Amino acid sequence: MRLPLLLAVVFISANLVAHAQTPGAAAPASAATPPVVPPLEWHDVKTWGVEGRAWTDMERLRWFDRFPSAAQSQVTPKVWDLSRDSAGMMVRFRTDAKAIWAQYVLRSERLAMTNMTAIGTSGIDLYARDENGKLKWVGVAKPEKKEVKQAIISELPLAMREYAAYLPLYNGVESLEIGVPPEAKFEGLPPRAEKPIVFYGTSITHGASASRPGMTHPAILGRHLEIPVVNLGFSGNGKMDAAVGEFLVKIEAAAYVIDCLPNMSPAEVRQKCPPLVKLLRAARPATPIVLVEDRRYANSWILPGKKKYNDDNHAALRETYDALIKEGFTKLYYIPGDDLIGDDAEGSTDGSHPNDLGFMRQTAVFEPILRQALGGK
């Protein structure tokens, strides 16, 4: 029995040696070689500013935090922690560079989540205006660690273009620089002076589960309507809190979009929605307020409990809206939830959070109502 085994070992060993000595054979795998960074000029985005960063005259603990430091003692600890994500922030610039790099440091080493990739959670998402003036996707940074230095795009034809880069959705940013070759022209574009649409909501507004930062419905609507947006989505914690409302009224908004139902019960909707609307209206009498029903769970067609939850929540918000209209509130708008992510069960990642298809569908439902609220913009 030992002779056949010995012959087999000799045969295998001989073949391994022969393969190793074969000209052109693949070399053993080695550690990945880090990318070669060409000569670049780096531009710190803080020197000209980002959109989606409200309360610019108030002190912050970190420059890219969504809330000012004063909110830490006012909002819940969970809302405060989530507010340190850079969701909704977007930096604009013009350059004729043939390559565009990003160098940034993330707040957290958690680059991805169960229902979101590292690109959506922690990436930088780049758009550019085409020859017709429309912002179109260009490329993304694909983070592999907390400190990122990557080319977002290269081999670009020489032309001066306007770019917009969306910051990470579910991670915070410590610093961000845009890199271009030394010979390239570069101009940072400060935030537009136009009043923003302010979105206050849940994990869906926050950005789950978009494939990349530019694919949330607030970001898409900002591009479609050519208007700045402020994203105040707080995953699991968008609950129409009065403490958040006190900061909303400090923003001179084009419109307030209140989209908190996925995190609330019908009783909470009836209890907390009227005071929030009245708070906003008292401070901003002419600003449109848009109330949004929650999307239907993608599998509610087969789960009666989920269907009832959506039905009851929708009824509570509609009842509240009707009562406010009866009280004489004007410039109050309503977005039904039945078709927000479609009715074919294909618009979500996990039954609750939209995928890119769901976000596009949600945009299509929001857009005509927002155009009406904004006076036909």
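Being a predicted model, the structure only gives us computed values, none of them experimental.
Within the cation-pi definition used here (under 6.0 Å to the ring centroid, within 45° of the axis), Arg284 does not qualify as a partner of Tyr256. With Trp48 as the aromatic partner, Arg92 does not meet the cation-pi criteria of under 6.0 angstrom to the ring centre and within 45 degrees of the ring axis.
Legend: residues meeting salt bridge (Lys or Arg N to Asp or Glu O under 4.0 Å) with Glu147, ordered by chain and number and at least two apart, are absent. With sequence neighbours excluded, the residues that form a ring-ring contact (aromatic ring centres under 6.0 Å, His included) with Phe359 are His217.
Pairs passing the side-chain hydrogen bond (donor to acceptor under 3.5 Å, both in side chains) check and including a residue from residues 35-44, sequence neighbours excluded, read Asp44-Lys46. Listed by first then second residue, pairs satisfying ring pair (Phe, Tyr, Trp, His ring centres under 6.0 Å) with a partner in residues 296-331 read Tyr321-Tyr334, not counting sequence neighbours.
Of the N and O atoms on the side chains of Ser209 and Asn115, at least one donor lies less than 3.5 Å from an acceptor on the other residue.
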Acceptor/donor pairs from residues 231-240 side chains to any protein atom, 3.5 angstrom cut, sequence neighbours excluded:
from, atom 1, to, atom 2, distance (Å)
Asn231, OD1, Gly233, N, 2.9
Asn231, ND2, Thr205, O, 2.7
Asn237, ND2, Ser235, O, 2.9

Listed pairs under 3.5 Å, donor-acceptor, residues 76-83 side chains, sequence neighbours left out:
from, atom 1, to, atom 2, distance (Å)
Thr76, OG1, Val79, N, 3.2
Asp81, OD1, Arg107, NH2, 2.9
Ser83, OG, Trp80, O, 2.6

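Paired with Ser122 under the rule side-chain contact (heavy atoms from CB on, under 4.5 Å), one option of Leu111, Leu167, Val173 passes, and it is Leu111.
More than 12 heavy atoms of other residues, nucleotides or ligands lie within 6.0 Å of CD in Glu327, so this atom counts as buried by the packing criterion. Open room surrounds CG on Asp343; 12 or fewer heavy atoms of other groups in view lie less than 6.0 Å from it.
For the atom pair NZ (Lys142) and CD1 (Ile152), the distance works out to 11.0 Å, reported to the nearest 0.5 Å.
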Is there a salt bridge (Lys or Arg N to Asp or Glu O under 4.0 Å) between Asp344 and Arg361 once you walk through the steps?
CA-CA 12 Å; Asp344 58 4; Arg361 289 172 169 175; 2.7 Å; yes
Checking Arg192 against Glu226 for the salt bridge (Lys or Arg N to Asp or Glu O under 4.0 Å) test, could you report, in this order, the C-alpha distance in whole Å, the side-chain angles of both residues, the deciding distance, and whether it holds?
CA-CA 10 Å; Arg192 289 167 288 183; Glu226 287 289 347; 3.7 Å; yes
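Smallest separation of non-hydrogen atoms from Ala316 and Pro266: CB-O, 3.7 Å.
Taking the six-membered ring wherever Trp is involved, the centroid distance between the rings of Phe93 and Phe186 falls below 6.0 Å.
A salt bridge does not link Arg60 to Asp65: none of the charged nitrogens lies less than 4.0 Å from a carboxylate oxygen.
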